[in-house]
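Note that the structure is a prediction, hence the values are computed from the model and not measured. Reminder, nothing fancy here: chain letters follow the sequence lines and each chain counts from 1.
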Amino acid sequence: MERYNFKIVEKKWQSFWDKNKTFKSEINKENKKKFYCLEMFPYPSGNIHMGHVRNYTIGDVLARYKIMTDYNVLHPMGWDSFGMPAENAAKQNNLDPKDWTEKNISNMKKQLKNLGLSIDWNREISTCSPAYYKHQQKLFLDLYDKGLVYRKENYVNWDPVDQTVLANEQVIDGKGWRSGAQVERKKLNQWFFNISKFSDELLESLNSLESWPNKVKTMQKNWIGKSYGCEIKFQIKGNEDVKQIKCYTTRPDTLYGMSFLAVSVDHPISKFYENNKEFISFKEECSKTGTTEEAIAQAEKLGFKTNLLATNPLNHEIKVPVYFANFVLMDYGFGAVFGCPAHDQRDFDFAIKYNLPIKTVVKPFEEKDTYQVDDKAFTDSGIIINSNELNGLNAPNESIERAIDILEKEKVGKKKINFRLKDWGISRQRYWGCPIPIAYNKDGEIIKIPEKDLPVKLPEKIQLNTTGNPLDHQKEWKHITINGEKCIRETDTLDTFVDSSWYYLRFCSSSNSNLPFDEKETDYWMPVDQYIGGVEHAILHLLYSRFFVKAISFQNKKFNLSEPFNGLFTQGMVCHETYTDENNNWLHPDEITTEDGKNYFKKNNPKERVLVGPAESMSKSKKNTIEPSKMIDKYGADAVRLFILSDSPPEKDVQWSEEGMLASYKFIQKLWGLHQKIKSIIEGNINTIEEKDVSEELNKFSNQVIFKITNNIEKFSYNVIIANLHEIYNFLSKQITFQIKKEILKKNYVNILILMSPIIPHFAQECLESLNIKKKINWPVAEEQYLKEDNVEIVIQINGKKRLSLKNKIDSSEKEIYDNLIKTEYFKKNYKTDEVKKIIYVKNRLLNLIIKK
RNA sequence: GCCCUCGUGGUGAAAUUGGUAGACACAAAGGACUUAAAAUCCUUGCCGCUUGCGGAGUGCCAGUUCGAGUCUGGCCGAGGGCACCA
């Protein structure tokens with residue numbers, strides 16, 4: 001028998017789909033319902049990796065299924081092609097980022113095509129192309145006009161040697177990753193999107209996203225961080241110019257326990273200490289901790305005592321010292337807190353260090369009024385004590401409400417809702433990003449680049465090995481004249497998260513050169529029905545995208561969308577065992593060998609043992625990567641698709657194994673063998689065993705499997721579909737030795753091939769063609785009449801334990817089954833009918849007898 | 001510390017949503033075919049006595065129920081997210 005040659009077949013169908021533009025999408029095609037299926041687009045790093053294979057296979061199964069269930073499907077692909085790796089690679093090898101990126105794109109596109117994806121390549125976009133970022137610059141200016149973009153000074157990680165800003169992940173132990181210099185906090189003018197304006201909306205409309213994983217919604221909710229509290233004004237003594245300090249608190253009910261007030265070193269009152277040498281060195285000490293919240297968190301709590309005293313607004317006799325403290329953040333609340341050591345662990349630690357009083361004002365329910373906090377803060381709910389008018393109230397619920405009432409009446413405080421979400425800083429001091437379409441005149445005023453001059457193109461072939469931002473050195477590019485006025489361009493570029501915040505809109509109108517997108521088209525295609533990607537984008541990318549549709553919709557009559565992604569699916573990672581040699585060097589799977597599957601050795605030194613580590617997410621640094629292109633070359637795209645879906649549910653991590661890969665390859669070969677046999681039977685070239693006709697069984701089986709697979713696609717239970725495909729093989733390979741009416745065999749077998757086609761499209765289409773099925777393929781619908789069996793196994797339980805099972809006609813009554821049961825040897829031997837106290841019957845499932853002896 | 005998710009054979013996992021636990025596969029062992037190997041196919045799969053049967057059994061302990069992998073409470077363990085957020 002002829003072996004299945006995937007190389008020929010897969011190439012044949014890939015070029016067929018290409019040539020026939022099978023997956024080209026248009027609006028209102030035949031008045032079908034639309035379905036927008038989108039996977040997160042890749043960064044063109046050079047080669048596709050297994051994570052891409054998994055992501056795009058999951059999406060492809062869905063897209064192909066939707067096409068066959070008669071949806072008008074949009075399934076595009078593009079490139080998230082701005083970013084640091086291109087700039088770094090270019091610097092290292094003295095290349096041009098553009099050339100490097102374009103080469104990678106063409107390579108990866110070829111690799112993706114080899115996977116046989118149902119992509120509409122007509123809509124391909126690349127964020128680094130001026131054709132894309134031109135529109136992004138337009139959007140930026142639109143948002144600027146609406147007041148959603150602004151410029152302000154902000155702290156950044158500054159590398160004083162490289163004269164550049166570092167991303168948080170480029171700061172290692174407080175030092176620059178390249179220069180090793182101590183990173184400083186430096187104030188720079190930065191551009192911001194006013195995302196916090198939409199905090200409440202972003203939080204509220206999460207509720208409308210029913211098809212999002214709860215996990216992601218929770219993460220976003222926590223990130224936005226809405227809190228209910230109160231702002232309080234504290235009267236200050238000790239400096240004529242500082243009359244009061246405002247604090248934000250969620251626990252105004254613990255005000256009587258206050259023993260200090262702490263403000264950030266960046267608080268406005270710090271200007272009175274600018275000439276204080278001790279304060280300057282304290283502030284410097286604080287700045288060394290970097291700007292990440294985590295870095296601040298790990299630092300020891302430090303305070304700088306001022307000569308100021310703050311008055312407790314509820315009891316004017318209590319006056320407490322004011323400190324600058326490193327754990328108070330300027331960009332949350334008012335950059336000032338009151339310290340209540342007894343009921344906040346940070347305040348407790350601070351109080352211990354600086355020997356401040358710890359006054360207990362909440363006691364646990366079961367404790368006496370004389371209760372005192374001991375070695376750590378008490379933060380649970382309880383009863384208020386030592387607090388005059390608040391005493392006896394339930395904390396925190398009753399007491400907070402009452403405390404706010406009092407503060408409002410006294411006009412020293414008011415209820416306030418706060419958000420953790422900060423505005424989105426979008427300035428990057430980098431070359432390889434979208435230029436910000438702004439210039440500054442000689443007075444430093446902001447001048448928009450006129451629309452007719454868009455795009456502001458990146459200068460090409462420039463020197464990247466400079467100190468600071470390379471664009472800063474581009475004199476010709478930098479100096480321009482706008483309306484006769486000499487200006488200097490903004491040399492910062494946009495955060496690449498901006499590029500990916502609206503690309504799904506661009507796909508709707510990718511060839512429109514005048515507009516970012518045409519509302520007629522976004523109206524039709526948006527929202528994305530199913531978005532698929534890694535959970536690592538659960539917060540930033542998804543939040544920014546959600547912000548973008550709200551910002552574009554803001555004050556816009558033509559465009560109105562509340563959410564970009566109706567359904568979200570987050571797939572798990574692809575893992576592989578890790579290997580290390582005797583010197584703890586990571587080894588690639590290709591560098592090791594084994595004879596017994598237990599003991600592993602180095603290939604180039606068979607005496608050296610290899611240590612096998614646990615399966616971890618594939619990464620270049622651990623060398624536990626498997627190259628998809630090699631696997632496709634060796635086993636074929638269908639086999640790779642089959643394997644990547646087979647072992648685990650798509651939302652969980654999957655472990656790559658060569659055995660599993662091989663098994664998938666063999667399975668396709670087996671299916672091919674089966675196909676040859678069935679084809680021969682259909683064509684009348686093979687004799688079957690005459691005495692048994694299994695046509696009816698086949699009808700039932702195939703309709704049941706249609707039902708199962710359809711459900712499993714809808715549920716994303718793709719691993720179970722693979723199991724269903726094995727069931728199909730196991731059933732058919734046994735049953736086709738018996739007689740099946742030819743037309744019944746053909747009809748059912750064709751349906752079965754269609755069921756296979758989303759997973760292994762090349763194979764299925766080849767088989768269908770060999771049976772002369774060339775017309776448009778529709779997903780089969782299970783016929784109701786075949787879904788019911790004539791006979792069902794009824795489980796017989798005695799006192800809830802399974803004892804035996806009886807075959808009965810479907811839909812038998814309780815009495816019929818019971819009558820059958822009491823006739824059995826088993827029953828007669830063990831029980832008597834008058835012992836039966838109660839019968840529970842679940843139709844077509846089980847009969848449970850309660851017997852008390 | 002807080003929040004979320006998850007604990008099922010040697011392994012990856014199924015389980016119609018409260019109704020036959022372990023579908024389907026990987027690995028292993030035994031067998032068939034073969035001079036042999038590869039490939040392929042079959043059987044086994046935790047404990048007990050002989051097939052057959054019986055028993056335990058879905059991290060642990062309770063509970064609800066005729067019946068719990070599934071629901072409730074508590075504990076243990078793993079993973080993920082957030083965090084001096086006032």
Side-chain angles (χ1 to χ4, degrees), chain A residues 213-223 225-227 229-232 247-252 254 262 293-294 296-301 325-329 331-340 343-350 376-377 379 418-422 535-536 538-539 597 615 643 646-649 651-655 657-664 666-667 669-670 673 707-708 711-712 717 719-730 733 793-805 837-851:
Chain A
N214 283 326
K215 180 173 67 174
V216 175
K217 286 195 273 190
T218 308
M219 281 160 72
Q220 294 226 340
K221 206 173 145 189
N222 292 339
W223 189 261
K226 187 174 187 175
S227 77
C230 167
E231 62 172 74
I232 303 176
C247 292
Y248 175 75
T249 179
T250 53
R251 292 300 302 271
T254 61
E293 289 173 7
E294 199 189 345
I296 295 166
Q298 277 162 4
E300 191 192 353
K301 281 170 204 61
N326 65 342
F327 65 90
V328 182
L329 307 168
D331 47 15
Y332 186 80
F334 301 105
V337 299
F338 78 80
C340 174
H343 305 292
D344 183 297
Q345 193 56 45
R346 290 156 299 161
D347 298 348
F348 186 92
D349 296 343
F350 192 81
K376 64 172 207 264
T379 53
N418 223 346
F419 292 92
R420 206 187 78 104
L421 183 64
K422 292 170 204 162
V535 74
E536 66 273 19
I539 299 175
F643 174 66
S646 68
D647 263 15
S648 294
E651 69 276 14
K652 283 182 53 175
D653 287 355
V654 66
Q655 193 181 335
S657 79
E658 191 76 21
E659 292 87 7
M661 182 59 251
L662 189 64
S664 294
K666 283 181 187 166
F667 182 58
Q669 292 295 343
K670 276 158 69 177
F707 185 78
K708 280 199 237 175
N711 279 338
N712 287 331
S717 297
N719 56 324
V720 186
I721 296 177
I722 312 301
N724 296 147
L725 297 188
H726 283 284
E727 285 169 13
I728 288 172
Y729 174 82
N730 294 343
S733 60
E793 295 261 319
I794 303 289
V795 169
I796 307 299
Q797 296 183 338
I798 307 291
N799 295 333
K801 290 205 164 180
K802 184 198 166 192
R803 284 297 116 124
L804 69 157
S805 65
K837 304 290 180 218
K838 192 177 172 186
I839 300 171
I840 291 116
Y841 176 55
V842 183
K843 198 171 158 189
N844 295 331
R845 286 208 190 281
L846 59 79
L847 187 80
N848 186 7
L849 300 188
I850 307 306
I851 290 178

Rounded to whole angstrom units, what separation is found between the [atom1] atom of [X] and the [atom2] atom of [N]?
X	N	atom1	atom2	value
A/Leu846	B/rG67	CG	C1'	8 Å
A/Asn848	B/rG67	CG	C1'	6 Å
A/Leu662	B/rG12	CG	P	21 Å
A/Lys837	B/rG67	NZ	C1'	19 Å
A/Phe643	B/rG12	CZ	P	13 Å
A/Lys802	B/rG55	NZ	P	12 Å
A/Lys666	B/rA38	NZ	P	11 Å
A/Arg420	B/rC3	CZ	P	16 Å

Does the structure show a Watson-Crick or G-U wobble partner for [N], both distances under 3.5 Å? Name it, or say none.
N	value
B/rU50	none
B/rG67	none
B/rC60	B/rG74
B/rU11	B/rA25
B/rA38	none
B/rU17	none

Closest approach to the side chain of [X], judged atom by atom: which nucleotide of [options] is it?
X	options	answer
A/His726	B/rG81, B/rC24, B/rA86	B/rC24
A/Ala723	B/rC24, B/rC3, B/rA86	B/rC24
A/Lys801	B/rU20, B/rC3, B/rA56	B/rA56
A/Val795	B/rC82, B/rU20, B/rC66	B/rU20
A/Ser648	B/rG81, B/rU40, B/rA13	B/rA13
A/Arg845	B/rU16, B/rG12, B/rC84	B/rU16
A/Arg346	B/rC84, B/rC4, B/rC82	B/rC84

Any side-chain N or O of [X] below 4.0 angstrom from OP1/OP2 of [N]?
X	N	value
A/Tyr248	B/rA86	no
A/Arg803	B/rG55	yes
A/Asn730	B/rA25	yes
A/Lys652	B/rA13	yes

Test item: A/Asn418 side-chain N/O and A/Ser227 main-chain N/O as donor-acceptor pair under 3.5 Å: no
A/Asn712 side chain vs A/Lys708 backbone, donor-acceptor pair below 3.5 Å: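 Side chain of A/Asn712 to backbone of A/Lys708, a donor-acceptor pair under 3.5 Å: yes, one is there.
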Just wondering, do [Y] and [X] contact through their side chains at under 4.5 Å, heavy atoms?
X	Y	answer
A/Thr250	A/Tyr248	yes
A/Phe667	A/Ile722	no
A/Ile850	A/Ile840	yes
A/Phe350	A/Asn326	no
A/Thr254	A/Phe338	yes

At under 4.0 Å between heavy atoms, what does [X] touch on the DNA or RNA strands: base, sugar-phosphate, or nothing?
X	result
A/Asp349	nothing
A/Gln345	nothing
A/Glu659	sugar-phosphate
A/Lys670	sugar-phosphate
A/Lys226	nothing
A/Lys708	nothing

Base of B/rG9 relative to its sugar, syn (within 90° of 0) or anti? syn
With syn defined as a glycosidic angle within 90° of 0 and anti as everything else, classify B/rU17.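 Syn, which is what one calls it when the glycosidic angle falls within 90° of 0.
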[atom1] spacing across the pair [N] / [M], given as an integer number of angstrom:
N	M	atom1	result
B/rG30	B/rG80	P	40 Å
B/rA21	B/rG9	C1'	11 Å
B/rC6	B/rC26	C1'	23 Å
B/rC53	B/rU64	P	34 Å
B/rU20	B/rU34	C1'	41 Å
B/rG74	B/rA83	C1'	27 Å
B/rG18	B/rU70	C1'	7 Å
B/rA68	B/rG73	C1'	15 Å

On RNA chain B, check which nucleotide each of A/Ser717 and A/Ser805 is closest to and give me the residue with the more 5' one. A/Ser717
Nearest-nucleotide comparison on RNA chain B, the residue closer to the 5′ end among A/Asn719 and A/Phe334: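 Result: A/Asn719.
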Does CZ in A/Phe707 sit with more than 12 non-hydrogen atoms of other residues, nucleotides or ligands closer than 6.0 Å?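 It does not: A/Phe707 CZ has 12 such atoms or fewer within range.
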Looking only at heavy atoms, what is the nearest atom pair of A/Ala377 and A/Gln345, with distance? N-OE1, 3.0 Å
